[in-house]
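In each ligand, atom 1 is the first atom listed, and ligand 1 is the first ligand listed. When a residue number appears, it is its place in the shown sequence, counting from 1.
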Amino acid sequence: MWLYLHMVLKVTKILAFQSLSGVYSAREFVWWYNGHPDYSSFKPDLQSSDTAVILGQGNVALDVARILLRPTTELASTDIASHALSALEESSIRKVYLIGRRGPVQAALTTKELREVLGIKNLHIRIKETDLSVTPADEEEMKSIRARKKKKIYELLSKAAAAATRTSEADRDQRELHFVFFRQPDRFLESDERKGHVSGVNLEKTILESVGSGKQIAVGTGEFEDLNCSMVLKAIGYKSVPINGVPFDHKKGIVPNVNGRVISHTSGGISKTEPGLYVCGWLKRGPEGIIATNLICAEETVGSIREDIEEEDGICKSEKEGSKGLLQLLKERKVKKVDFSGWEKIDAKEKQMGSEINKPREKLVTWEDLLAAATN
Ligand code: NAP
């Protein structure tokens with residue numbers, strides 16, 4: 001189910017390459033398998049070869065790799081959208097390459113998500129042994145504040161690589177996940193047979209260069225190689241974009257704030273807040289963190305709002321009309337809205353439909369169906 005909070009959050013994918021069919025952003029793919037109404041007719045090319053390339057080695061990259069590689073018999077009992085399940089049942093993708101421009105010590109993964117992928121039945125993990133060697137700078141990096149997590153990820157990857165067994169050509173259902181390190185995408189390759197369709201990615205080998213405070217960045221070596229595939233998913237992170245009239249820190253890609261209170265300007269080291277304007281989530285702190293991180297972040301902003309409401313003569317007490325004012329404005333602008341009780345009706349309907357087919361929920365994937373369920 002999709003609940004839209006048209007607040008200040010607007011996020012866009014970065015990295016613009018030339019457009020070839022078969023190249024998608026991971027966001028499009030995630031929206032498709034999660035039943036986003038704008039993507040229910042999206043048709044990723046899952047049948048042109050057995051290989052897909054995912055650019056990036058963060059949790060989104062892992063999420064999409066998991067969907068491509070997990071047996072559909074298992075996906076069938078999750079809340080995946082039915083149109084995605086049907087397409088994946090027909091998918092010929094058996095090999096997925098996760099491309100990282102840095103090494104295993106720098107992979108932007110978290111342990112729980114990595115374990116889930118490594119635990120997929122009949123999945124063979126492939127990592128080049130040479131990519132697993134650790135430099136003194138890597139050792140140093142693993143001593144940083146997030147050391148334990150980085151070390152754990154590195155250990156999990158090393159263990160998975162060591163446990164790798166030979167694959168058999170005869171086993172059609174056998175799947176492979178290749179972690180490819182020290183490679184950055186240079187350009188997409190166009191198929192000779194199918195004009196306008198991707199046939200691979202040209203990758204540049206990289207090395208790491210220390211830039212102080214234990215951080216290492218990827219630097220291209222000028223050495224290139226091609227990796228053939230029929231589908232590419234770009235999962236290289238997100239970047240917030242500004243909206244008119246709202247302060248924005250272009251360098252950090254966030255709305256400047258103190259505990260969620262939006263800062264209008266700073267002078268002489270003193271920050272002046274924008275009365276009655278608050279921010280939370282990725283727009284407040286940048287595009288990182290798991291769901292729990294967002295919960296804590298939202299609690300902090302709500303805490304600030306509550307303090308301002310309780311304050312004598314505070315901004316929330318004066319000019320603002322609260323929900324009454326908002327509802328009036330929506331009415332004036334003829335905005336169709338779904339309130340919480342409508343959301344609860346959609347939730348109940350999806351769960352009831354799911355219970356009939358052994359799924360936690362069956363998603364409604366068109367705006368018409370969602371609005372009909374909300375107003376029933
Ligand atoms: P991310 O964690 O920022 O990872 C982005 C990946 O793309 C990194 O490997 C990064 O490499 C690479 N990258 C960035 N720019 C690149 C470029 N120009 N060329 C090549 N590679 C590039 O982003 P994400 O995976 O989209 O996730 C966003 C946030 O959501 C993360 O905090 C993630 O943990 C969270 N998330 C959580 C869950 C969950 O809780 N289950 C699920 C999905 C996402 P470098 O490190 O070298 O920059």
Side-chain angles (χ1 to χ4, degrees), residues 9 11-17 23-31 33-34 53-68 70 78-80 96-119 127 131 137-138 141-142 144 146 149-150 152-154 157 178-188 201-211 214-221 224 227 232-240 252-254 280-298:
L9 185 75
V11 172
T12 185
K13 275 284 189 188
I14 48 178
L15 191 76
F17 274 114
V23 179
Y24 316 104
S25 76
R27 176 186 55 77
E28 292 176 296
F29 192 74
V30 171
W31 281 11
Y33 70 71
N34 273 333
V53 164
I54 301 173
L55 301 176
Q57 288 181 337
N59 279 334
V60 169
L62 265 193
D63 276 350
V64 293
R66 184 162 45 101
I67 294 295
L68 287 169
R70 204 170 153 195
T78 71
D79 64 357
I80 190 168
V96 173
Y97 289 79
L98 280 182
I99 314 292
R101 60 181 170 177
R102 299 192 287 159
V105 173
Q106 293 81 26
L109 310 169
T110 47
T111 41
K112 181 175 163 284
E113 285 64 33
L114 179 57
R115 278 204 177 97
E116 271 178 34
V117 170
L118 298 180
I127 304 174
D131 283 354
D138 288 334
E141 207 174 315
M142 284 196 277
S144 70
R146 295 165 71 159
K149 287 181 193 160
K150 285 191 173 196
K152 192 78 220 161
I153 295 294
Y154 175 76
L157 290 169
H178 297 248
F179 285 87
V180 178
F181 297 101
F182 306 109
R183 299 287 185 280
Q184 63 188 8
D186 180 56
R187 66 194 167 89
F188 298 130
V201 188
N202 180 249
L203 300 168
E204 182 179 17
K205 292 186 186 174
T206 60
I207 50 168
L208 296 189
E209 224 173 72
S210 291
V211 287
K215 193 173 167 11
Q216 300 182 78
I217 57 161
V219 179
T221 60
F224 297 86
L227 178 55
V232 179
L233 293 169
K234 295 176 285 178
I236 60 161
Y238 293 80
K239 190 172 181 236
S240 297
K252 293 184 183 156
I254 59 163
C280 67
W282 285 3
L283 199 53
K284 174 182 168 189
R285 5 169 272 279
E288 50 79 34
I290 56 173
I291 290 171
T293 326
N294 286 308
L295 287 179
I296 295 164
C297 171

Would you compute the distance between atom [atom1] of [X] and atom [atom2] of [Y] and round it to the nearest 0.5 angstrom?
{"X": "L157", "Y": "F179", "atom1": "CG", "atom2": "CZ", "value": "5.5 Å"}
{"X": "Y154", "Y": "L109", "atom1": "OH", "atom2": "CG", "value": "14.5 Å"}
{"X": "C280", "Y": "L295", "atom1": "SG", "atom2": "CG", "value": "10.5 Å"}

field: Criterion side chain to side chain contact (heavy atoms under 4.5 Å, CB included) against V53, the qualifying member of I99, V180, V96
entry: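 The passing option is I99.
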Could you list the atoms of ligand 1 found under 4.0 angstrom from a heavy atom of [X]?
{"X": "N59", "result": "25 (O), 33 (C), 34 (O), 36 (N), 37 (C), 38 (C), 42 (C), 43 (C), 44 (C)"}
{"X": "E113", "result": "39 (C), 40 (O), 41 (N)"}
{"X": "G237", "result": "5 (C), 23 (O), 26 (O)"}
{"X": "A235", "result": "5 (C), 6 (C), 7 (O)"}
{"X": "R102", "result": "45 (P), 46 (O), 47 (O)"}
{"X": "Y238", "result": "26 (O)"}

Are any of the N/O atoms in [X] less than 3.5 Å from those in ligand 1?
{"X": "Q57", "answer": "yes"}
{"X": "V60", "answer": "yes"}
{"X": "I290", "answer": "no"}

message: Enumerate the salt bridge (charged side-chain N to carboxylate O under 4.0 Å, His left out) contacts for residues 96-113, please, sequence neighbours excluded, ordered by first and then second residue.
response: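 Output for this query lists K112-E116.
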- request: Compare every heavy atom of A26 with every heavy atom of V60, then report the nearest pair and how far apart it is.
  value: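 In this case the closest contact between V60 and A26 is CG1-CB, 3.6 Å.
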- request: Indicate, as side chain, backbone, both or neither, the part of D63 found under 4.0 angstrom from ligand 1 when only non-hydrogen atoms are considered.
  value: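 Side chain only; the backbone of D63 stays clear of ligand 1.
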task: Indicate, as side chain, backbone, both or neither, the part of P287 found under 4.0 angstrom from ligand 1 when only non-hydrogen atoms are considered.
output: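 P287 to ligand 1: backbone contact only, side chain stays beyond 4.0 Å.
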- request: From atom 21 (N) of ligand 1, work out which of R101, E288, K112 has a heavy atom at the shortest distance.
  value: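 Checking each option, the heavy atom nearest atom 21 (N) of ligand 1 is found in R101.
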query: Quick one: does K284's side chain have a donor or acceptor within less than 3.5 Å of a partner on C297's backbone?
result: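 Flag set: sc K284 to bb C297 pair under 3.5 Å.
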- prompt: Considering residues at least two apart in sequence or located in another chain, which fulfil the side-chain hydrogen bond (donor to acceptor under 3.5 Å, both in side chains) criterion with K205?
  reply: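 In terms of side-chain hydrogen bond (donor to acceptor under 3.5 Å, both in side chains), with neighbours along the sequence ignored, K205 is linked to E223.
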